[in-house]
Amino acid sequence: MTEEFKTSKPIYRQIADRIIQQFVRGKIAPGEKLPSVREMAIQSGVNPNTIQRTYGELERMDVVETRRGQGTFMTEQIDRKKQLRIEIQREMIETFIQNMRGIGVEDKEITEAVEQFLAGKEPSEND
């Protein structure tokens with residue numbers, strides 16, 4: 001099962017982001033063992049060195065821990081999971097706001113559009 005990757009971000013970082021998102025959403029449990037480097041490389045359709053770099057990055061971020069002779073495991077720190085969720089939210093909101101401002105949408109209009117969207121209504125033209 002090879003995955004589609006974007007060219008705007010390094011592949012190892014895209015894989016790391018996917019693992020983090022699965023963890024935050026509960027698809028990967030705290031303390032769960034991740035596939036071996038070789039297994040993950042095959043699943044992802046990438047070189048094992050890419051997965052090694054992914055796991056290294058996740059370990060640096062305190063998302064996983066490597067246990068010698070046992071493998072790589074997700075952190076068991078529930079606070080870290082909550083912190084990751086907040087970080088992802090902040091990044092997504094920041095990108096959204098920057099994009100909206102980039103097309104000339106004022107903050108008040110952004111707020112109104114989001115409220116309308118969440119209410120299931122079509123955005124209205126305020127010009």
Neighbour count >12 (heavy atoms, 6.0 Å) for atom CZ, F96
yes
Side chains of E112 and Q116: donor-acceptor distance under 3.5 Å anywhere?
no
Between OH on residue Y55 and OG1 on residue T66, distance to nearest 0.5 Å:
9.0 Å
Steps toward side chain to side chain contact (heavy atoms under 4.5 Å, CB included) verdict (I97, R101)
CA-CA 6 Å; I97 298 296; R101 287 178 178 163; 3.5 Å; yes
Contact between K9 and D17 at the side-chain level, heavy atoms closer than 4.5 Å - yes or no?
yes
Within this structure, what is the CE-CD distance for the pair M74 and Q22, rounded to the nearest 0.5 Å?
9.0 Å
In this structure, CE of M40 is separated from CD of Q52 (nearest 0.5 Å) by 12.0 Å
Residue pair I78 / P30: nearest heavy atoms and the distance that separates them:
CD1-CG, 3.8 Å
For Q83 and R80, does a side-chain donor sit closer than 3.5 Å to a side-chain acceptor?
yes
When clusters are formed by joining ILVMFWY residues with side-chain heavy atoms under 4.5 Å apart, either directly or through shared neighbours, do V24 and I93 land in the same one?
no
Heavy-atom side-chain contact between T72 and V37 under 4.5 Å:
no
Going by atom types only, do Q98 and T95 share a side-chain donor-acceptor pair under 3.5 Å?
no
Test your reading of the model: is there a side-chain donor-acceptor pair from E109 to the backbone of E106, 3.5 Å cut-off?
yes
Nearest 0.5 Å, what's the NZ-CD1 distance between K81 and I28?
10.0 Å
Interatomic distance, CZ@F73 vs CG@L34, rounded to 0.5 Å, equals 8.5 Å
Show the numbers, then the answer: is there a side chain to side chain contact (heavy atoms under 4.5 Å, CB included) between T75 and V64?
CA-CA 5 Å; T75 184; V64 301; over 6 Å; no
Is there a path of hydrophobic side-chain contacts, each under 4.5 Å between heavy atoms, that joins L118 and M100?
yes
Are the side chains of Y12 and N49 in contact, using a 4.5 Å heavy-atom criterion?
no
Nearest non-hydrogen partners of Q14 and F5, listed with the distance
OE1-CA, 3.4 Å
Should the heavy atoms of other residues, nucleotides or ligands under 6.0 Å from NZ of K82 be counted, would the total exceed 12?
no
Is it true that a side-chain atom of S44 and a backbone atom of V46 form a donor plus acceptor pair closer than 3.5 Å?
no
Can you check whether I15 reaches I51 side chain to side chain, under 4.5 Å on heavy atoms?
yes
Could you tell me whether R90 and E87 make a salt bridge, using a distance below 4.0 angstrom between a side-chain N and a carboxylate O?
no
Is E65 salt-bridged to R67, cutoff N-O under 4.0 Å?
yes
With side-chain hydrogen bond (donor to acceptor under 3.5 Å, both in side chains) as the criterion, how do S36 and E39 come out once you've worked through the C-alpha distance, each side chain's angles and the decisive distance to 0.1 Å?
CA-CA 5 Å; S36 71; E39 290 172 47; 3.3 Å; yes
How many angstroms lie between CD1 in I19 and CE in M61, if you round to the nearest 0.5 Å?
10.5 Å
Over 12 foreign heavy atoms within 6.0 Å of CZ, R38
no
